[in-house]
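Sequence positions, counted from 1, serve as the residue numbers for this chain. The figures here come from the full heavy-atom set of this structure, side chains too, leaving out hydrogens, waters and symmetry mates.
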Amino acid sequence: MLFAALTWQVAGHGPLRTLDERLGRTLAAAGAIPSGLAEFFADLGNTVVALPVLLAVMVWTGWRGRQRCRRWQQWQQWQREREGEQGGADAAEGPAPVRWWLPPLAAGLALAAVPALVVPLKLWLARPGPPQMAGGAHDGFYPSGHGATAAVAYGVAALLLTRGRMRGQMRLRIGNGNDSARSGTPAPASAAAATVAVTVSVALLNAGVGIGLVRRGYHWPLDVLGSWCLAGVLLAAWCAVCDRWAGGGAGAGTVRQGAGDEAGPDRT
């Protein structure tokens, strides 16, 4: 809804667009933010910077997810062998298979969707850029491609790291016979603290990218805000896809009734 309202104001030359351009000129002329620092953060929204970061996280989390999936499957196999026919009968009612490859793949597709959505909107709206971009090769600055790229790339990278770690720890705690995991208690405080730290870091980084783009005169503030709204839709879609089809979510966090009081396989 916010993205639709912003787009309507930009397309219809509404009062919010007038205030936006006034604010953009003020920020671009502000000397409180060093231009070199602003340029550094603005460059973080470039695909040549954001894409390698996301690829590295995709490879790492994919490898870790595969390792965790194997250990989880080994524990399930041990459960079935220990319980014999009873365990085999309950296997069909167990959690769905863990598709460890789906979150990294969906992350790559989310970033690939950015230009597919941003470019048509830029061509359609054809919003002129700030004065510093006058005489450029094209009009069309809403929404910001750099802003959307940074928000999606770093945002989905953070989701891969935090959600994958917490889910992996939950499965392994179950496999090790941890009673607190079976009872549905929260993940360890260290995992929660890491999640908060990563989330705050990514939010501050994207704020820096947005401020840098405006300070250097590459975009108006509404261009950046609109790109964040668009990125929010893509990140929400990523979460929905992974929750629905990745498997190993709520189902992997439960243990068959009757087996919950038994210890897991002995780790020597």
Side-chain angles (χ1 to χ4, degrees), residues 1-4 6-7 41-66 68-69 96-125 140-168 194-210 212-213 219 223-249:
M1 293 295 293
L2 178 59
F3 179 72
L6 295 178
T7 304
F41 277 101
D43 286 342
L44 294 180
N46 198 315
T47 304
V48 300
V49 178
L51 180 58
V53 173
L54 179 58
L55 287 176
V57 174
M58 287 168 58
V59 171
W60 167 251
T61 55
W63 178 77
R64 291 288 295 168
R66 184 178 182 184
R68 289 168 179 154
C69 181
V98 179
R99 301 179 180 90
W100 58 267
W101 46 266
L102 181 57
L105 176 61
L109 293 176
L111 185 59
V114 170
L117 295 174
V118 169
V119 172
L121 284 169
K122 284 186 172 184
L123 295 176
W124 172 48
L125 296 170
F141 287 80
Y142 177 90
S144 167
H146 280 62
T149 297
V152 172
Y154 304 130
V156 79
L159 288 171
L160 282 171
L161 291 171
T162 56
R163 288 165 63 96
R165 176 176 176 175
M166 294 185 70
R167 288 187 175 191
T195 299
V196 172
V198 171
T199 302
V200 172
S201 299
V202 170
L204 291 176
L205 186 149
N206 278 284
V209 171
L213 291 170
H219 279 285
D223 301 345
V224 177
L225 185 56
S227 70
W228 288 346
C229 294
L230 193 62
V233 173
L234 292 175
L235 294 178
W238 182 89
C239 292
V241 168
C242 293
D243 288 342
R244 175 65 178 84
W245 287 294

Can you tell me how far [atom2] of [Y] sits from [atom1] of [X], rounded to the nearest 0.5 angstrom?
X	Y	atom1	atom2	answer
Cys242	Leu102	SG	CG	5.0 Å
Asp43	His146	CG	NE2	7.0 Å
Leu51	Met58	CG	CE	8.5 Å
Leu54	Thr47	CG	OG1	11.0 Å
Leu160	Trp60	CG	CH2	13.0 Å

What are the two closest heavy atoms between [X] and [Y], and how far apart are they?
X	Y	answer
Leu235	Val152	CD2-O, 4.0 Å
Leu111	Pro115	O-CD, 3.5 Å
Ala113	Leu234	CB-CD2, 4.1 Å
Thr61	Val57	OG1-O, 2.7 Å
Trp228	Ala151	CD1-CB, 4.0 Å
Cys229	Leu2	SG-CD2, 3.6 Å

What I'd like to find out is whether the side chain of [X] reaches to under 4.5 Å of the side chain of [Y], using heavy atoms alone.
X	Y	answer
Thr7	Trp124	yes
Arg163	Asp243	yes
Thr149	Tyr154	no
Phe141	Leu125	no
Tyr142	Ser227	no

Identified side-chain contact (heavy atoms from CB on, under 4.5 Å) partner of Ser144 from the options Val209, Leu213, Val118, Leu230: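 That would be Leu213.
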Just by modelled atom types, is the [Y] backbone N or O under 3.5 Å from a matching donor or acceptor in the [X] side chain?
X	Y	answer
Asp223	His219	no
Trp101	Gly62	no
Arg66	Trp100	no

Worked verdict on Leu6 versus Phe3 for side-chain contact (heavy atoms from CB on, under 4.5 Å): CA-CA 5 Å; Leu6 295 178; Phe3 179 72; 5.6 Å; no
